[in-house]
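Below: the structure, in structure tokens.
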Amino acid sequence: MTSPRPPLLLIVGPTGVGKSAIALELAGRWGGEILSADSIQVYRGMDIGSAKASAGERARIPHHCIDLCEPDRPFSVAQYRERALRALEEISSRGRLPIAVGGSGFYLKTFFAPTVDSLAIAPEIRHRVEKIFQDSGLPGLLRELDGLHRHPPRCLDRANARRVMRALERCLASGLELDALRDRFRALPHPCAGHAIRTLLLERPSTSLRPILAERIGAMVRAGLVDEVLSLRRRNFEANPSARCAVGYRQVLEFLDGKMARAALEEKIFAATWSLVRRQRTWFRHQLPIDRRMELADAWADSGAFAAQWVRENGPALRQLLEM
RNA sequence: GGCGAGAUAGCUCAGUCGGUAGAGCAGAGGACUGAAAAUCCUUGUGUCGGCGGUUCGAUUCCGCCUCUCGCCA
């Protein structure tokens, strides 16, 4: 049974290409709602540095999956997945066009494939693994993990302590070897089975993206990024590693702690942003099924009314993509 | 002007008790099961400031020069 529900339009691309502006424009024209796929916009108070949609924009077009939790409370893909799928159902049941927009690859993948298993990890196991890591580091974790296997598991980045910890937790919680867990994981059902998904990748040449990012970072600092971090600090956001380590926020914290000169701030944020862009591009190349790739011309800056004109010119092609 | 310190990879620097060099960052590629804007892996030939001298051999020692940074006049 095929549903008459509208397809999900996914707009992905590296940070700063202009996804949001275009998505807003499309949503306005086509009766859509925005579903954010951004691992930082989920935190309340992290507004400037995550380039969150303004209150005005949000009043005009409904936005979902933004401001889902307090900045001191870690949020995970698992939670995102739940909220995003629920939002997707809501939007489609109203007959509106869901437009998912974002640059967080792992979050975006949640629409296409299983990203987490449903294995519950008991707190005792979590603490035990944590303790092994504290006492004997990565080698200790690997010793423990290998002890649970007849052959050392191959499908694991053994240099990545965070991954090894998660793997060990899952093995301890399930009593299964890593390969068995992976097979079971891969057999999980498609998360959005009922939806047609169309993915649009927006790109622009690095020579055009770099100056846009540099300009945008300057604008963020001028708009009060440092004050935003000060106020987040009062809300204890440093207790949350994913918030505290976010691009821009991490560098401002270093500056506030005297580990970095004010003069170096924007340059360091730029460097971190650019390595994010590179990881995003790698992810989009290999991890997401892209239906259509469109490169924005140099002339389209990430500001002003460029989106309206771009959509006027490219709307028909996108229509076609949706009706495919 | 005098004294001192320095000049090595795009940047910050290490090093070679004389046998033509290596880290971090940046850059490029990659991985990805609950922090993913995170975490991790791979990837480094550059007149070792210039010119001479000593030496089988100098980026390394010596002299001169150029530039930079201190301190003193």
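Below, read A as the first sequence line, B as the second, and so on, with proteins coming before strands; counting in each chain starts at 1.
At least one donor-acceptor pair under 3.5 Å links the side chain of A:Asp38 to the backbone N or O of A:Gln41. Checking side-chain atoms of A:Thr199 against main-chain N and O of A:Pro289 turns up a donor-acceptor pair under 3.5 Å.
Nucleotide B:C11 is matched to B:G24 when pairs are restricted to Watson-Crick or G-U wobble geometry with both distances under 3.5 angstrom. Base pairing of B:G57: no nucleotide in any strand meets the Watson-Crick or G-U wobble criterion (both distances under 3.5 Å). B:C17 is unpaired under the criterion used here, namely a Watson-Crick or G-U wobble arrangement in which both key atom distances are under 3.5 Å. In this entry B:C51 has B:G63 as its Watson-Crick or G-U wobble partner, both defining distances falling under 3.5 Å. Across all strands shown, B:U45 forms no Watson-Crick or G-U wobble pair with both key distances under 3.5 Å. The partner of B:G70 is B:C3, judged by Watson-Crick or G-U wobble contacts that both fall below 3.5 Å. In this entry B:A38 has no Watson-Crick or G-U wobble partner, no candidate having both defining distances under 3.5 Å.
Salt-bridge formation is not detected for the pair A:Glu238/A:Arg244: no Lys NZ or Arg NE/NH1/NH2 atom is positioned less than 4.0 Å from an Asp or Glu carboxylate oxygen. For the pair A:Asp146 and A:Arg158, the salt-bridge criterion is met [side-chain N within less than 4.0 Å of a carboxylate O]. The pair A:Glu144-A:Arg128 counts as a salt bridge, with a side-chain nitrogen and a carboxylate oxygen less than 4.0 angstrom apart.
Nucleotides B:U45 and B:A23 place their P atoms 11 Å apart, quoted to the nearest Å. Taking atom C1' on both B:G63 and B:G24, the two are 36 Å apart, rounded to the nearest angstrom. Atom P of B:U42 sits at a distance of 47 Å from the matching atom of B:U54, rounded to the whole Å. Between B:A21 and B:U47, the distance separating the two C1' atoms is 15 Å to the nearest Å. Here, B:C48 and B:C13 have their C1' atoms 13 Å apart, quoted to the whole Å.
Chain A approaches RNA chain B over the interval B:G27 to B:C41, counting the first and last nucleotide 5' to 3' with an atom under 4.0 Å from its heavy atoms.
Counting any heavy atom pair closer than 4.0 Å across all strands shown, A:Arg244 reaches no nucleic acid atom.
The aromatic rings of A:Tyr249 and A:Phe237 sit perpendicular to each other, their planes meeting at more than 60°, with 30° as the lower class boundary.
At least one test fails for A:Arg278 against the ring of A:Trp283: distance under 6.0 Å to the centre or angle within 45° of the axis.
Residue whose closest nucleotide on RNA chain B sits further toward the 5' end, between A:Leu276 and A:Asp117: A:Asp117.
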